[in-house]
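Take a look at the structure below.
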Amino acid sequence: MAVGATASRRLKVGNSMGLHARPAAQIVYIAGKFKSDLKLRRADGKGSEADCRSVLAMLMLAAAKDTELELRACGEDAGEALEALSGYFNRNFDEN
């Protein structure tokens with residue numbers, strides 16, 4: 001795990017199609033801009049933790065509309081990474 005600050009935030013999947021392939025790919029793109037270790041997991045405890053640099057891992061979360069997720073960032077740019085990914089979720093993956 002990366003050295004540095006650790007931050008987390010609870011997010012909600014707000015778009016009607018859930019966390020599908022296109023937003024998962026965009027999350028990978030956004031995560032690639034940061035050095036921090038970025039993980040998503042379902043807040044209800046179902047499933048495992050997903051690396052934000054893996055489309056397949058995020059799809060395995062099966063996060064439909066209204067699913068709550070916890071985003072965890074650990075590293076030197078954790079705060080910035082958390083803000084960037086949280087913003088993408090808050091904009092409903094720029095879909096609706």
Side-chain angles (χ1 to χ4, degrees):
M1 196 170 298
V3 175
T6 299
S8 66
R9 185 169 295 167
R10 197 167 272 219
L11 306 170
K12 189 172 188 178
V13 177
N15 71 318
S16 61
M17 294 173 38
L19 179 54
H20 59 90
R22 194 198 66 75
Q26 184 64 22
I27 290 168
V28 168
Y29 174 75
I30 294 168
K33 296 178 178 184
F34 300 97
K35 294 179 181 178
S36 291
D37 183 39
L38 300 163
K39 305 285 185 183
L40 274 173
R41 68 179 178 150
R42 291 179 63 114
D44 61 11
K46 295 180 182 175
S48 60
E49 192 172 67
D51 185 337
C52 290
R53 289 181 172 83
S54 169
V55 171
L56 184 57
M58 284 184 288
L59 294 176
M60 296 294 290
L61 291 171
K65 180 176 173 45
D66 295 329
T67 300
E68 290 193 12
L69 302 171
E70 182 180 350
L71 173 62
R72 186 173 44 90
C74 181
E76 62 188 65
D77 55 4
E80 294 89 356
L82 198 70
E83 288 301 318
L85 287 170
S86 295
Y88 186 58
F89 272 83
N90 293 336
R91 294 190 314 272
N92 292 326
F93 307 139
D94 297 330
E95 290 184 340
N96 52 13

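Note: hydrogens, waters and symmetry copies are ignored here, and every other heavy atom, side chains too, is used.
- Rounded to the nearest 0.5 Å, atoms CD (Glu49) and CD (Glu70) are 8.5 Å apart.
- Side-chain contact between Leu85 and Phe34 is absent, with no heavy-atom pair separated by less than 4.5 Å.
- Counting only distance, with no hydrogens or angles, the side chain of Arg53 and the backbone of Tyr29 share no donor-acceptor pair below 3.5 Å.
- When all heavy atoms are compared, the tightest approach of Leu71 to Cys52 is CD1-SG, 4.0 Å.
- Considering CZ of Arg91 and OG of Ser86, their distance stands at 10.5 Å, rounded to 0.5 Å.
- Heavy-atom contacts from other residues, nucleotides or ligands closer than 6.0 Å to NZ of Lys65 number more than 12.
- Asn92 contributes no side-chain N or O that, together with a main-chain N or O of Asp94, makes up a donor-acceptor pair within less than 3.5 Å.
- By the 4.5 Å heavy-atom criterion applied to side chains, His20 and Asn15 are counted as neighbours.
- For the atom pair Glu80 CD and Lys33 NZ, the distance stands at 13.5 Å (nearest 0.5 Å).
- Checking Leu69, Leu61, Asp66 one by one against Val13, the side-chain contact (heavy atoms from CB on, under 4.5 Å) holds for a single residue, Leu69.
- Between Glu68 and Arg42 there is no salt bridge, since no side-chain nitrogen of the basic residue lies less than 4.0 Å from a carboxylate oxygen of the acidic one.
- Between the side chain of Ser8 and the main chain of Arg72, no donor-acceptor pair closer than 3.5 Å is present.
- One distance of note links CG of Leu59 with OG of Ser54; it measures 8.0 Å at 0.5 Å rounding.
- Here the straight-line distance linking atom CG of Leu38 with atom CD1 of Ile30 works out to 10.5 Å at 0.5 Å rounding.
- Contact detail for Ala78 and Ser36: the closest heavy-atom pair is N-OG, 3.1 Å.
- Salt bridge annotation for Arg22-Glu95: present, with a cationic side-chain nitrogen under 4.0 angstrom from a carboxylate oxygen.
- In terms of heavy atoms, Gln26 sits closest to Tyr88 at CB-OH, 3.2 Å.
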Would you check, one step at a time, whether the test side-chain contact (heavy atoms from CB on, under 4.5 Å) holds for Leu19 with Ile27? CA-CA 10 Å; Leu19 179 54; Ile27 290 168; 3.7 Å; yes
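- Across Gly18 and Phe93, no two heavy atoms sit closer than the pair O-CE1, 3.8 Å.
- Within a 6.0 Å radius of CZ in Arg41, no more than 12 heavy atoms belonging to other residues, nucleotides or ligands are found.
- The distance from the CD atom of Glu83 to the CG atom of Asp77 is 12.5 Å, given to the nearest 0.5 Å.
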